[in-house]
Amino acid sequence: GQNIDQPTEMTATEGAIVQINCTYQTSGFNGLFWYQQHAGEAPTFLSYNVLDGLEEKGRFSSFLSRSKGYSYLLLKELQMKDSASYLCAVISNQAGTALIFGKGTTLSVSS
Amino acid sequence: DAGVTQSPTHLIKTRGQHVTLRCSPISGHKSVSWYQQVLGQGPQFIFQYYEKEERGRGNFPDRFSARQFPNYSSELNVNALLLGDSALYLCASRGPAGEPQHFGDGTRLSIL
């Protein structure tokens, strides 16, 4: 079967750094995505990892370890607008190239 | 450039009715996927189409069906609606393999 786990909720303050973890169990792994979703809006693409290591994009970085079935999203210099749900999703070739999502982590950033 | 567009934005139906949701992908994208998102959960995969052929199907009953047209737009049909079908239905399109899927704003379906 396929299983993706991430924390339900996290809180942080403006300017801080937060790390959102994601563990997955899936067959035929073909990559891992992170999406951001503000309440009532569509998910928007943040990052993509297919090989082990760290991908950096501005204030956001994502890490992947395929042997451990583990990824994290690192958000630096947090801003109030970063309050959103963060979705971890894997591509499993058991479902074409569709995304299999975790339940999402709701991040609340306070001043 | 226009992103993924979905219609309608909101829809209210009653139990037993059927519904058709529509999606236009980003220009040049040939792959379209449908997802169901219940409040507080991540999106759940329903269907994926590529070049008008079904390439993947999630764990949804046969009441759910979809198709893709020659212009790569897509429809999701749900028959015999149940209260549990109330959700946000998201459409996503993708270009070449390895590129991310881009989501539309979704159709919020409420079943009374």
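All chains are named by letter (A, B, ...) in the order of the sequence lines, taking the proteins before the strands, and each is independently numbered beginning at 1.
Around NZ of Lys103(A), the count of heavy atoms belonging to other residues, nucleotides or ligands within 6.0 Å does not exceed 12. Counting non-hydrogen atoms of neighbouring residues, nucleotides and ligands closer than 6.0 angstrom, the NE2 atom of His18(B) reaches no more than 12 such neighbours. Heavy atoms of other residues, nucleotides or ligands lying less than 6.0 angstrom from CG of Asn21(A) number more than 12. Annotation for Arg63(B): atom CZ counts as buried by contact number, over 12 foreign heavy atoms lying within 6.0 Å.
If you measure heavy-atom distances from Tyr35(B) to chain A, the contacts under 4.5 Å come from the side chain alone. Contacts of Glu99(B) with chain A are made by backbone atoms alone, with heavy-atom separations under 4.5 Å and no side-chain atom involved. In this structure, chain B has a heavy atom under 4.5 Å from the side chain of Gln37(A), while its backbone stays farther away.
Tyr35(A) places a side-chain N or O within donor-acceptor distance of the main-chain N or O of Gln101(B), the cut-off being under 3.5 Å.
Each of Gly104(A), Cys88(A), Pro43(A) has some count of heavy-atom pairs under 4.5 Å with chain B, and the biggest count is that of Pro43(A). For the set Ala92(B), Pro43(B), Gly106(B), the entry with the most heavy-atom pairs within less than 4.5 Å of chain A is Pro43(B).
Across every non-hydrogen atom of Gly104(B) and Ala42(A), the tightest pair is O-CB, 2.8 Å.
Cluster annotation: Ile17(A) and Met10(A) are assigned to distinct hydrophobic clusters (Ile/Leu/Val/Met/Phe/Trp/Tyr, side-chain heavy-atom contacts under 4.5 Å, transitive). Residues Leu112(B) and Leu83(B) do not share a hydrophobic cluster, clusters being chains of Ile/Leu/Val/Met/Phe/Trp/Tyr side chains in contact below 4.5 Å. Tracing side-chain contacts under 4.5 Å through hydrophobic residues (I, L, V, M, F, W, Y), one never reaches Leu90(B) starting from Tyr49(B); they form parts of separate clusters.
How far CZ of Arg94(B) is from CZ of Phe45(A): 12.5 Å, rounded to the nearest 0.5 Å. The line from CG of Leu99(A) to CZ of Phe103(B) is 5.5 Å long, rounded to the nearest 0.5 Å.
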